[in-house]
Each structure stands twice: as C-alpha cells, then as structure tokens.
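Below is one structure, written out as structure tokens; comments come after it.
As a basis for the values below, the full set of heavy atoms in this structure was taken, side chains included, without hydrogen atoms, waters or symmetry mates.
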Amino acid sequence: MAVGQDAAQPIDAPIRISDTSLHNDSEPCTKHKHKVKQGCHAKQHSSCMQGKGHLGPDVVWTEASKFARNITFDPDTAHPFCELSKDRKSVKVGAAWQNLPDMSERFDKRLCVLGRERLSFGRHYWEVAVGNAKNWDIGVCDTFANRKGFFQPTTDNRYWVLGLDNGVKFKDFSSPSSTPMVPTKPPDVIGVFLDCEAGNVSFYNVGDASKFLTLHPRPVPCIFQPYFCIGDQETTLQLRPLTKRIC
C-alpha cells in the first residue's frame, strides 16, 4: 500500500514516501492548531540557554553533540499504523491499524510521529539510529504545522527535514524542487542539532562525524518539535540514549 492510499486498509505492499499533493501555506497553520501540553514547554529551564552568541551554521559534530538530550516519541501524534515501543524510543509500521482517537495532533495520512519535546530556545542535539532502512524522513517542524492529509514536509509547510529515498538519494525538502544529494554510503545513525538562537538545523552522519547540510528556519518564529517519518515496512527508527547534555 502506498502512503497515498487509504491508510485504514490493511498493508499488502511496501509503503513509500511518494506523496504528490502539496500543502503550500507558508503562514502558521491556524486551522489545525494543536493544544500544547501543559508543562512541556515550561519545563525548559533557563540553564539550557547555553553560551552567549551563536555557534553559526558551520558547527562541527564534536561541538554539536555536546548539547545532547534524550527525545521520546509523543503517542498522541503517531499515525495509527505507527507502532511505538513501550519506552517510546522506537517506531515501525505495525501489523494492524490501531483504533486511536482522531486528535488534531495526530498524523492521519503520512506515517509520522513527533517527539514530545517542544523547543523554542537553547541548543539541542539528538540521534536516530536508522540501520539499513532505505526510506525515512527526520528533522523538526513547527508545533502548529499541518499534520492532516497528504503533504510534503517542505520548508513552506514549516518542516525542516532530511530524507532518504530508496537508499539512493537524500532530499532536504527545502522546496518542492530541491536537488537530491547522493550519499557515498548510507548512514547508520543520523545526528540532528537544533540551535534555536541561531535559527539553524544541522544533520550529521554520526559514523564519520561528517555533516550533510544545515537548514535555516529563522526568521520564522517557532516552537519546534522533532519529526520522524517511516517510509516502508522495513524501516525502524530508534532514538539513541545519550548522556545528559552540557548546559
């Protein structure tokens, strides 16, 4: 079953990230505003306003990884075919549709889930083990971005994402016509570094500490959430445990 088909039907074929319908609203989505859970954002301490000034877009992995934090999946955002582990650290395509409440926070067509953390200041780094998976999207989105229907996770839609397509090419979704990047070797682990003050989101190959690219959400004001999308039945995304980040 392709992602573009009715996700309520049983899976009988590999699912691919191949949405064709674009949602091109560059303004904050007010139609599908989601209730920010009490305390999630407030729990971000002032001690996490690490350092003065900006690291800049060329920050290397060794510096970015100092701001490590642990991320967990938010089950209220997960598509009904997304199966989360009990510790909410891994996600894959489940064997059956789950009868879950159709909340405004929940993706209803794309096989996606968000991290429960809401980030609007400070610097934050997390890692996602992708293994041999060939189809996935990883990045961040505005907490008020649209989650309903079929759309591409482009910057116009307030998503800042790196994706792997069929294990052959990367795409940054910075625009509907962005140029794919061809990896020399698909990574096993992706590192994501969000610098809210500088307005940068950077993606790293943790295996060799190289950087894929940096996207620039600012000057768009956002409360960010980590974003994850599984592209087929062979894909499992695992949030790696990290030591407490340095503040």
Side-chain angles (χ1 to χ4, degrees), residues 1-11 14-25 28-37 40 71-85 88-119 126 128 130 133 135-165 171 173 176 190 192 201 222-239:
M1 178 195 70
V3 174
Q5 296 175 346
D6 185 355
Q9 300 300 319
I11 294 178
I15 300 170
R16 299 296 178 192
I17 303 172
S18 58
D19 300 334
T20 57
S21 177
L22 301 181
H23 171 78
N24 290 317
D25 182 3
C29 178
T30 57
K31 182 178 180 181
H32 301 287
K33 281 197 173 183
H34 322 293
K35 181 172 66 177
V36 176
K37 295 179 181 177
C40 287
I71 300 294
T72 55
F73 294 126
D74 183 350
D76 288 343
T77 67
H79 184 282
F81 259 131
C82 289
E83 181 179 309
L84 305 182
S85 61
R88 298 177 183 174
K89 292 292 187 180
S90 70
V91 60
K92 64 180 180 180
V93 177
W97 175 276
Q98 302 173 83
N99 188 19
L100 301 173
D102 186 16
M103 305 163 64
S104 61
E105 296 97 325
R106 192 179 308 284
F107 292 91
D108 65 347
K109 295 297 182 182
R110 290 180 60 84
L111 298 176
C112 303
V113 62
L114 300 183
R116 69 176 300 273
E117 292 73 16
R118 289 160 172 82
L119 312 169
W126 58 94
V128 188
V130 298
N135 293 281
W136 46 258
D137 298 342
I138 293 170
V140 299
C141 70
D142 183 344
T143 194
F144 297 124
N146 177 46
R147 304 175 197 176
K148 300 299 186 182
F150 294 112
F151 62 89
Q152 290 279 20
T154 62
T155 54
D156 286 346
N157 292 332
R158 303 173 78 82
Y159 286 79
W160 296 273
V161 171
L162 175 71
L164 182 63
D165 185 10
K171 190 175 183 181
F173 293 99
I190 298 293
V192 183
V201 182
C222 282
I223 299 174
F224 297 99
Q225 284 185 259
Y227 166 83
F228 312 87
C229 190
I230 47 180
D232 57 40
Q233 293 167 283
E234 306 304 317
T235 297
T236 296
L237 301 181
Q238 179 84 37
L239 293 167

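Closest approach of Cys82 to Ile230, counting heavy atoms only: SG-CD1, 4.0 Å. Pairing each heavy atom of Thr236 with each of Ser90, the nearest pair is CG2-CB, 4.4 Å. Closest approach of Gly149 and Lys109 over heavy atoms only: O-CB, 3.4 Å. Nearest approach of Cys112 to Tyr227, heavy atoms of both residues: SG-OH, 3.3 Å. Summarising the geometry of Val93 relative to Asp232, their closest heavy-atom pair is CG2-O, 3.6 Å, with the distance given to 0.1 Å. In plain terms, the two heavy atoms of Val113 and Ala78 that are nearest each other are CG2-CB, 3.7 Å.
Here the side chain of Gln225 pairs a donor or acceptor atom with the backbone of Gly115 at under 3.5 angstrom. Under a 3.5 Å cut-off, the side chain of Arg147 and the backbone N or O of Thr143 do form a donor-acceptor pair. A donor-acceptor pair under 3.5 Å is formed between the side chain of Lys148 and the backbone N or O of Arg106.
A salt bridge is defined here as a Lys NZ or Arg NE, NH1 or NH2 lying under 4.0 Å from an Asp or Glu carboxylate O, and Asp142 with Arg118 fails to meet this definition. Salt bridge annotation for Arg110-Asp137: present, with a cationic side-chain nitrogen under 4.0 angstrom from a carboxylate oxygen.
One finds the CZ atom of Phe224 at 15.0 Å from the CD atom of Glu117 (value rounded to the nearest 0.5 Å). Interatomic distance, CG of Asp165 versus NZ of Lys171, reported as 8.0 Å (0.5 Å rounding). Atom-to-atom distance recorded for Leu237:CG and Phe228:CZ is 8.0 Å, nearest 0.5 angstrom. Atom-to-atom distance recorded for Cys222:SG and Phe144:CZ is 10.0 Å, nearest 0.5 angstrom. Interatomic distance, Glu105 CD to Asp76 CG, rounded to the nearest 0.5 Å: 6.0 Å. A distance of 9.5 Å separates CG in Leu119 from CD1 in Ile223, rounded to the nearest 0.5 Å.
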Side chain to side chain contact (heavy atoms under 4.5 Å, CB included), that's the test. Do Ile71 and Arg116 meet it? Break it down for me.
CA-CA 7 Å; Ile71 300 294; Arg116 69 176 300 273; over 6 Å; no
Pair Phe81-Gln98, side chain to side chain contact (heavy atoms under 4.5 Å, CB included): steps then yes or no:
CA-CA 6 Å; Phe81 259 131; Gln98 302 173 83; over 6 Å; no
List the steps, then state whether side chain to side chain contact (heavy atoms under 4.5 Å, CB included) holds for Ile138 with Leu162.
CA-CA 5 Å; Ile138 293 170; Leu162 175 71; 5.7 Å; no
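Listed by chain and residue number, nothing satisfies the ring pair (Phe, Tyr, Trp, His ring centres under 6.0 Å) test with Phe107 (two or more places apart in sequence, or in another chain). Glu83 is linked by a side-chain contact (heavy atoms from CB on, under 4.5 Å) to Lys92, counting only residues two or more places apart in sequence or in another chain.
A tilted orientation is assigned to the rings of Phe151 and Tyr159, their planes being inclined by 30° to 60°.
For Glu234, the CD atom counts as loosely surrounded, since its 6.0 Å shell holds 12 or fewer non-hydrogen atoms of other residues, nucleotides or ligands.
In this structure, the side chains of Leu114 and Cys141 come closer than 4.5 Å at one or more pairs of heavy atoms.
For the residue pair Thr77 and Asp74, no side-chain donor N or O sits within less than 3.5 Å of a side-chain acceptor on the partner.
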